[in-house]
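Here is the structure we will look at.
Residue numbers run from 1 in the order of the sequence given.
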Amino acid sequence: MRLGIVSGRRRHGKSYLLQALSERIGGLYVTAVREEGRLPAIQRFSDAIAVHAGLRPGTLRLTDWREVLANALDVTVRSRTPLLVIDELPYLLQHSSEIPGLLQQLYDERQRGTGAGPGPRVILCGSAMSVMHELLSGTKPLRGRAVVDLRLGAFDYRAARKLWQIDDPLTALQVHAVLGGAPGYRPVAARPHPNDGFTAWLSRTLLDPGRAVYSRTETEYLLREDPRITHHTLYYDILTAIAQGATTPTRIGAALERQRNAVTHPLDVLESTGYVQREQDILRPRHPVITLADPVIRFNQLITLPQAATVEQGFAEQAWQAAAPTFNSKILGPHFEDLARTFTRRYAHTLLPGGLPGPVGTTEVADPAARTKHEVDVIALALGERPQAPRARIALIGEAKATAARRGTGDLQRLEHIRSLLTDQGYDTTDATLALFSLHGFHPDLVDAAARRDDLLLVDLPGLYGIG
């Protein structure tokens, strides 16, 4: 017997892939239902086993989960490729917490089997990521027994553009800034198509209360995926505080007029679900910066909720016009910076003299003479260097700007100054490339400078998407 765990956020395509796999090889695929109790779930699973064995529903009268699981394994093992998929397992665990322990017993028993064919393959899947991750932790029954622990992520921004078939890279960036790369949004949000205009598309999808992808409805679905999220008001307030710029537990607590320790546990839950993330400074040990990792939640907290009354009265376009400055400064700008870091990790190696870089992130560089600090949007260490290591070799120092202005030599001079500060602080910047990422291109004198220099990289929007 072999065991695999598959987890991932809602709409990442887990069920789609597992159903396709089961159909292709003749496996048994069964999914749990949130609203279903213990006895109905046992009967429905029993019926699925009967049908898979070529019997009529109702033929099997199984009384407990051990019988259900044992029969499921016995039925699937008769196939050439014996596969059992239990999808949305966390729903079952709400009323049948003994299932992992029973699987452990069956696993251990079947490790001693001597049959000629392959043993059963079992895949456990779920969207409540914190629950799924705990299946293999500590003293949990299944610890040490899984050969696969697959966390299915979203498509990256380039793959998302291809999936949506968006022509204009700016539109692709805007769509990715509000939906991310979750492929499951395309079937429910592709009409009208973004190619018809971002404003028209947005007004009839994330800002349409009648659509399934309306951001308030979608955020509620996302938060309900984790059974540990019970006090929804507190979690909404924490998400709003982060969206508005509170980046540490202390600042989040202050924004909510609560003590720091009152938000520690909710933050841990949100991090385990993948809805928030903590970003470490690449160069120096300091408090990690807490940000929203899920674009839909970020859009909901910053755009939809403040404009909810207007949106739900049917004035989505007017609400969007009022919210556009917030979108540009607090969503599009930070998202462009994030994609610049993604570009550096995944695609810049073909353009950098040193090839593939090491860790990529952000940092603050002290400027004692000016009594200030410079925020660096993109910094990459050389391959093999560790974050926060003294005297590390730096491969790239970059700045990403999503403003309407083109970037010029003033931006280059700022990066050169930051490079000299890092050199003075003991870092090895000998082979560091200076990179400028711009939403609207560069002035001609900067383009001419880049043509003459080996240490300057200019990345516009088509370059970011690998177009041309």
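Checked by atom type and distance alone, the side chain of Arg158 pairs as donor or acceptor with a backbone atom of Leu464 at under 3.5 Å. Without hydrogens or angle criteria, Arg44 side chain to Thr31 main chain gives a donor-acceptor distance under 3.5 Å. Arg260 places no side-chain N or O within donor-acceptor distance of the main-chain N or O of Pro249, the cut-off being under 3.5 Å. Side chain of Arg284 to backbone of Thr363: no donor-acceptor contact under 3.5 angstrom is found. Side-chain atoms of Ser203 do not come within 3.5 Å of backbone N or O of Ala200 as any donor-acceptor pair. A donor-acceptor pair is defined here as one N or O able to donate and one able to accept, closer than 3.5 Å; no such pair exists between the side chain of Arg211 and the backbone of Thr205. A donor-acceptor contact shorter than 3.5 Å links the side chain of His193 to the backbone of Asn195. Using a distance-only test at 3.5 Å, with no hydrogens or angles considered, a donor-acceptor pair links the side chain of Tyr465 to the main chain of Leu173. A donor-acceptor distance shorter than 3.5 angstrom exists from the side chain of Ser272 to the backbone of Val269, with no hydrogens or angles considered. Put simply, the side chain of Asp377 gets close to the backbone of Ala400: a donor and an acceptor are under 3.5 Å apart.
Residues satisfying the side chain to side chain donor-acceptor pair (under 3.5 Å) test with Arg286, not counting sequence neighbours, are Asp281. By the side chain to side chain donor-acceptor pair (under 3.5 Å) test, Arg145 pairs with Asp108, sequence neighbours left out.
A 4.5 Å side-chain heavy-atom check between Glu67 and Ile42 finds every atom pair outside the cut-off. A heavy-atom distance below 4.5 Å is not found between the side chains of Met1 and Glu109. Two residues are said to be in side-chain contact when any heavy atoms from C-beta on lie closer than 4.5 Å; Val188 and Arg11 meet this criterion. Using a 4.5 Å cut-off on side-chain heavy atoms (C-beta onward), Leu179 and Trp164 make contact. Residues Arg10 and Leu222 meet the side-chain proximity criterion, which asks for heavy atoms closer than 4.5 Å. Counting heavy atoms from C-beta on, the side chains of Leu223 and Leu239 come closer than 4.5 Å. The closest side-chain heavy-atom distance from Leu124 to Leu142 is below 4.5 Å. Counting heavy atoms from C-beta outward, Gln321 and Gln307 have side chains that stay 4.5 Å or more apart.
When all heavy atoms of Trp201 and Ala189 are compared, the pair lying nearest together is NE1-O, 2.6 Å. Asp47 and Pro57 get closest at one heavy-atom pair: OD1-C, 3.8 Å. Shown here for Phe155 and Ala160, the closest heavy-atom pair between the two residues is CB-N, 4.1 Å. Among all heavy-atom pairs drawn from His12 and Gly153, the shortest one is ND1-C, 3.6 Å. For Lys330 against Ala243, the heavy-atom pair with the smallest separation is CD-O, 4.3 Å. When all heavy atoms of Val30 and Ala48 are compared, the pair lying nearest together is CG2-CB, 4.0 Å.
Atom OH of Tyr221 sits in a sparse spot, with 12 or fewer heavy atoms from other residues, nucleotides or ligands closer than 6.0 Å. When the shell of 6.0 Å around CD of Glu317 is examined, it contains 12 or fewer heavy atoms from other residues, nucleotides or ligands. Other residues, nucleotides and ligands place no more than 12 heavy atoms under 6.0 Å from the CZ atom of Arg346. Within 6.0 Å of CD on Glu98 lie more than 12 heavy atoms contributed by other residues, nucleotides or ligands. More than 12 heavy atoms of other shown residues, nucleotides or ligands fall within 6.0 angstrom of atom CD in Glu220.
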Exercise for the section: Check step by step if side chain to side chain contact (heavy atoms under 4.5 Å, CB included) holds for Ile331 and Thr326. Expected result: CA-CA 7 Å; Ile331 294 180; Thr326 300; 5.9 Å; no
Handout entry: Full working for side chain to side chain contact (heavy atoms under 4.5 Å, CB included) between Arg66 and Leu106
Key = CA-CA 9 Å; Arg66 181 177 175 85; Leu106 293 166; 4.1 Å; yes
Practice task
With side chain to side chain contact (heavy atoms under 4.5 Å, CB included) as the test, would you mind laying out the steps for Ser22 and Leu28 before giving the verdict?
Solution key: CA-CA 6 Å; Ser22 299; Leu28 172 56; over 6 Å; no
Exercise for the section: Quick one: do Glu312 and Tyr214 satisfy side chain to side chain contact (heavy atoms under 4.5 Å, CB included)? Show the steps, please. Expected result: CA-CA 10 Å; Glu312 292 175 5; Tyr214 177 49; 2.8 Å; yes
Practice task
Could you walk me through whether Trp320 and Phe327 pass the ring pair (Phe, Tyr, Trp, His ring centres under 6.0 Å) test, one step at a time?
Solution key: CA-CA 9 Å; Trp320 169 242; Phe327 173 79; 5.0 Å; yes
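Under 3.5 Å, the side chains of Thr240 and Gln301 contain a donor-acceptor pair of N or O atoms. Using a 3.5 Å distance cut-off with no hydrogens or angles, the side chains of Ser130 and Asp226 do pair a donor with an acceptor.
Under 4.0 Å is where a charged nitrogen must lie from a carboxylate oxygen, and between Asp196 and Arg191 no such pair does. The residues Asp268 and Arg278 are annotated as salt-bridged, a charged nitrogen and a carboxylate oxygen being separated by less than 4.0 angstrom.
Results of the side-chain contact (heavy atoms from CB on, under 4.5 Å) test with Pro90 over Arg34, Met132, Met129 single out Met132 as the only residue that passes.
In this structure, Trp65 has its ring center under 6.0 Å from that of Phe45.
If you take CD on Glu36 and CD on Glu88, they are separated by 12.5 Å, rounding to the nearest 0.5 Å. Atom CZ of residue Arg228 and atom CD of residue Glu134 lie 5.0 Å apart, to the nearest 0.5 angstrom. In this structure, Asp237 CG and Ile252 CD1 are separated by 11.5 Å, a value rounded to the nearest 0.5 Å. Separating the OG1 atom in Thr273 from the CG atom in Asp294 is a distance of 8.5 Å, to the nearest 0.5 Å. Taking CG from Leu89 and OG from Ser7, the interatomic distance works out to 11.5 Å, rounded to the nearest 0.5 Å. In this structure, CD1 on Ile379 lies 11.0 Å from OG1 on Thr344, to the nearest 0.5 angstrom.
Contacts classified as ring-ring contact (aromatic ring centres under 6.0 Å, His included) and involving residues 245-295 (residues at least two apart or in different chains) are not found.
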